Enquirer: 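If you scroll down you'll find the structure; I have some questions about it.
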Amino acid sequence: EQGRPADAKRLLSTTLAILRDFDPRALLTLVTQGRLAEAEVLLGQWEQAQAYQETALAALKEHHPDAWRERLQIMDGLILAHSKIRNDAQAEIITQQLLALQREKLGNDHPDIAFTMHRIGESARRRSRYAEAASAIQEALAIRRRILGESHPDTLRSLSSLAGIS
């Protein structure tokens, strides 16, 4: 996908067709479907990306419950697709599900938790829910300060976002 999403889409589509013939529920098949969705995102094909991601995510949950890293990756892409087609309510639901899975698997003090909390805060800010936004970004900032330090760009990003809400 290195700057050539149309080529990536073509290759991934061919690969996915072969894998589906072999085993449509295999982990590699579902991961490939997720990667195809990523190529669709790069091409601006949000609805198609969303469809690929939703079916891959459902199959991962059913057939590969231990493949949580793959689920996190597809959920992240699905949030982006829903956001791009202005389905903010669904993006918010999936973000909360993502956060719950991250907390379960990664604990509460992880950079990915901070990223998700920051995302929640920015989403709340865009919807004029300022108290919720400040709370989420404060949590992201606290995690980032502990893990990444005061001068890390992500820490500074959270600090700047929080200042913009206050």
Side-chain angles (χ1 to χ4, degrees), residues 1-3 5 8 30-61 64-166:
E1 294 177 34
Q2 301 284 323
L30 300 174
V31 168
T32 301
Q33 185 170 323
R35 297 204 65 222
L36 179 56
E38 292 171 10
E40 296 285 7
V41 164
L42 293 173
L43 292 167
Q45 302 295 320
W46 307 109
E47 290 86 2
Q48 186 61 47
Q50 176 188 346
Y52 283 138
Q53 290 161 330
E54 286 176 348
T55 57
L57 186 59
L60 279 170
K61 286 179 184 177
H64 303 282
D66 292 334
W68 59 271
R69 286 180 182 86
E70 291 81 0
R71 285 174 46 205
L72 290 175
Q73 183 175 0
I74 290 174
M75 290 170 84
D76 192 58
L78 190 53
I79 292 163
L80 177 62
H82 278 292
S83 296
K84 289 294 184 178
I85 60 172
R86 302 287 187 237
N87 190 351
D88 293 331
Q90 189 62 29
E92 194 170 303
I93 290 167
I94 297 166
T95 302
Q96 291 297 331
Q97 294 170 347
L98 174 76
L99 179 63
L101 183 58
Q102 285 175 324
R103 287 190 192 279
E104 176 189 333
K105 299 299 183 181
L106 303 173
N108 289 320
D109 235 19
H110 191 278
D112 290 352
I113 300 290
F115 179 85
T116 301
M117 291 306 301
H118 190 98
R119 173 188 272 168
I120 289 169
E122 288 297 328
S123 175
R125 182 189 56 78
R126 283 190 301 277
R127 299 169 111 194
S128 301
R129 298 186 331 227
Y130 299 113
E132 180 184 340
S135 176
I137 292 175
Q138 283 172 342
E139 183 175 344
L141 179 60
I143 294 168
R144 287 174 166 170
R145 279 180 166 157
R146 277 192 305 276
I147 295 172
L148 305 174
E150 289 290 331
S151 61
H152 191 278
D154 290 345
T155 304
L156 297 173
R157 185 173 299 113
S158 289
L159 189 59
S160 175
S161 292
L162 187 58
I165 294 170
S166 301

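In what follows, every heavy atom counts, from backbone to side chain, and hydrogens, waters and symmetry copies are set aside. Every value quoted in this text rests on a predicted model; they were computed, and no experiment measured them.
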Enquirer: Using every non-hydrogen atom in the two residues, find where Ala136 and Ile120 come nearest and quote the distance to one decimal.
Expert: CB-CG2, 4.0 Å

Enquirer: Could I get the full list of side chain to side chain contact (heavy atoms under 4.5 Å, CB included) partners for Leu106, not counting sequence neighbours?
Expert: Trp68, Gln102, His110, Asp112

Enquirer: Please identify each residue that fulfils side chain to side chain donor-acceptor pair (under 3.5 Å) with Gln33, with sequence neighbours left out.
Expert: Arg20, Thr55

Enquirer: Could you tell me which residues satisfy side chain to side chain donor-acceptor pair (under 3.5 Å) with Ser160, sequence neighbours excluded, listed by chain and number?
Expert: none

Enquirer: Could you work out, with side chain to side chain donor-acceptor pair (under 3.5 Å) as the rule, every residue matching Asp66, not counting sequence neighbours?
Expert: none

Enquirer: Do Gln53 and Glu40 pair up side chain to side chain, a donor and an acceptor below 3.5 Å, judged on atom types alone?
Expert: no

Enquirer: If only atom types and distance count, is the side chain of Ser135 paired as donor or acceptor with the main-chain N or O of Ala131 below 3.5 Å?
Expert: no

Enquirer: Output every pair passing salt bridge (charged side-chain N to carboxylate O under 4.0 Å, His left out) with a member in residues 157-166, not counting sequence neighbours, ordered by first then second residue.
Expert: Asp154-Arg157

Enquirer: Please answer whether the main-chain N or O of Gly149 pairs with a side-chain N or O of Thr155 as donor and acceptor at a distance below 3.5 Å.
Expert: yes

Enquirer: Given Gln97, which of Leu101, Leu99, Ile93 fulfils the side chain to side chain contact (heavy atoms under 4.5 Å, CB included) condition?
Expert: Ile93

Enquirer: Suppose we screen for side chain to side chain contact (heavy atoms under 4.5 Å, CB included). Which residues come up paired with Ala142, at least two apart in sequence or across chains?
Expert: Arg146

Enquirer: Which heavy atom of Leu98 sits nearest a heavy atom of Thr116, and at what distance?
Expert: CD2-OG1, 3.8 Å

Enquirer: Taking only residues two or more places apart in sequence or in another chain, which ones pass side chain to side chain contact (heavy atoms under 4.5 Å, CB included) with Arg127?
Expert: Asp88, Ala89, Glu92, Ser123, Arg129

Enquirer: List in chain and number order the residues that pass salt bridge (Lys or Arg N to Asp or Glu O under 4.0 Å) with Arg71, two or more places apart in sequence or in another chain; answer none if no residue qualifies.
Expert: none

Enquirer: Report the residues that fulfil salt bridge (Lys or Arg N to Asp or Glu O under 4.0 Å) with Arg69, sequence neighbours left out, ordered by chain and then residue number.
Expert: none

Enquirer: Sequence neighbours excluded, which residues qualify as side chain to side chain contact (heavy atoms under 4.5 Å, CB included) partners of Glu122?
Expert: His118, Arg125, Arg126, Ile137, Ser161

Enquirer: Under the side chain to side chain donor-acceptor pair (under 3.5 Å) test, which residues partner Glu104, sequence neighbours left out?
Expert: none

